[in-house]
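All values below come from the heavy atoms of this structure, side chains included, with hydrogens, waters and symmetry mates left out. Proteins come first, then strands; the chains are lettered A, B, ... in the order of their sequence lines, and each starts at number 1.
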There are 2 protein chains.
Amino acid sequence: MAHKHDHSQAIIEVTRQLPSDELLCDLGDLFKLFGDTTRMKILYSLFESELCVCAIAELLKMEQSAISHQLKILKDAKLVACRRSGRTNIYFLADDHVRTIIGQGYEHLTEGKED
Amino acid sequence: MAHKHDHSQAIIEVTRQLPSDELLCDLGDLFKLFGDTTRMKILYSLFESELCVCAIAELLKMEQSAISHQLKILKDAKLVACRRSGRTNIYFLADDHVRTIIGQGYEHLTEGKED
DNA sequence: CTTTCATATGAATCTCTATTCATATGATAA
DNA sequence: TTATCATATGAATAGAGATTCATATGAAAG
């Protein structure tokens, strides 16, 4: 009611269809995981093969610590998982939605070429 | 070569398959757009119907200015577009990938219920 | 058991970004 | 033309998050 012209009907209708705040937050949080270049590179690397932490660090030319921190975030979100092998930790994709979601983004970018 | 154990072969292989830095950055930037609750709510609202700025502001109970700023970001990214109608600006979805991408995220959330 | 290697983690820093406030723009109505 | 409404926008602020540094943990080798 802050403005003069009326659209209360549209608002009521859209509100009815809108998912819960909690779900919308969760959705934002999910996509936030993909919204960082480092995490994107990590995920893309794991598309090809499972990798240990220092391999990813070398691959991306970044510090091991930075990679570990990001892997923790991805692991907490259950997008990746890891297993021990000797004293290395080998990470791999834990969810195939990752491929689908990133694939959709990829399509969007490669189709709409005019920018 | 910062570590002792060797995985240069894996690194070479993965590097070969990895998209360019530019594409990976663009992908990150794209998903960053979905990684914010306010933008997510705006996009979800536009799923249902085209809306003017102040309708979105009322709907989300946020300031008009905040909404305008976010709409600009979405518009620059060509995810939404707008048309003039009198003195109101009516925004609508400009790209159907938006629905697909968010839909995939939605599925991921609603399927994996254990958290 | 001590040393070394691979990884994890806490704290600090720095950057990025979302929101707010104030104001500008642009269109319509009077 | 002037007043009003709808939106846009620049600057400032505040908060979140990514990286680094130093260090802790944990496993294996000697």
Take the protein atom [atom1] of [X] and the nucleotide atom [atom2] of [N], then report the distance between them rounded to whole Å.
{"X": "Met62(B)", "N": "dA18(C)", "atom1": "CE", "atom2": "C1'", "answer": "8 Å"}
{"X": "Leu71(B)", "N": "dT19(C)", "atom1": "CG", "atom2": "C1'", "answer": "14 Å"}
{"X": "Asp36(B)", "N": "dA16(D)", "atom1": "CG", "atom2": "P", "answer": "13 Å"}
{"X": "Gln70(A)", "N": "dT20(D)", "atom1": "CD", "atom2": "P", "answer": "11 Å"}
{"X": "Lys72(A)", "N": "dT20(D)", "atom1": "NZ", "atom2": "P", "answer": "19 Å"}
{"X": "Lys32(A)", "N": "dT17(C)", "atom1": "NZ", "atom2": "C1'", "answer": "11 Å"}
{"X": "Ile56(B)", "N": "dT19(C)", "atom1": "CD1", "atom2": "P", "answer": "13 Å"}
{"X": "Arg39(B)", "N": "dA16(D)", "atom1": "CZ", "atom2": "P", "answer": "16 Å"}

Legend entry - Distance (rounded to the nearest 0.5 Å) between Cys52(A) SG and Arg83(A) CZ: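 Between atom SG of Cys52(A) and atom CZ of Arg83(A) there are 10.5 Å.
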Inset, instruction - State the CZ-CZ distance between Arg39(B) and Phe34(B), to the nearest 0.5 angstrom. - result: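 These two atoms lie 10.0 Å from each other.
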Quick check on the hydrophobic clustering: are [X] and [Y] connected, directly or via other members, by side-chain heavy-atom contacts under 4.5 Å?
{"X": "Leu18(A)", "Y": "Leu30(A)", "answer": "yes"}
{"X": "Met62(A)", "Y": "Val14(B)", "answer": "yes"}
{"X": "Phe47(B)", "Y": "Leu24(A)", "answer": "yes"}
{"X": "Tyr44(B)", "Y": "Ile90(B)", "answer": "no"}

Inset, instruction - With heavy atoms under 4.0 Å as the rule, sort Ile90(A) into base, sugar-phosphate or nothing. - result: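 If one applies the 4.0 Å heavy-atom cut-off, Ile90(A) turns out to touch nothing in the nucleic acid.
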Legend entry - Sugar-phosphate, base or nothing in reach of Thr88(B), heavy atoms under 4.0 Å: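 Touches sugar-phosphate only.
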Legend entry - Exercise: identify the closest heavy-atom pair between Leu27(A) and Tyr106(B):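 Looking at all heavy atoms of both residues, the shortest contact is CD2-N, 3.6 Å.
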Output one line per pair: protein atom, nucleotide atom from nucleotides 21-27 of chain D, and distance, for all N/O pairs under 3.5 Å.
{"unit_1": "dC21(D)", "atom_1": "OP2", "unit_2": "Glu63(A)", "atom_2": "OE2", "d": "3.1"}
{"unit_1": "dC21(D)", "atom_1": "N4", "unit_2": "Ser65(A)", "atom_2": "OG", "d": "2.7"}

Inset, instruction - For Gly35(A) and for Cys82(B), locate the closest nucleotide of DNA chain D by heavy-atom distance; then report the residue assigned to the nucleotide nearer the 5' terminus. - result: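 Residue closer to the 5' terminus by nearest nucleotide: Cys82(B).
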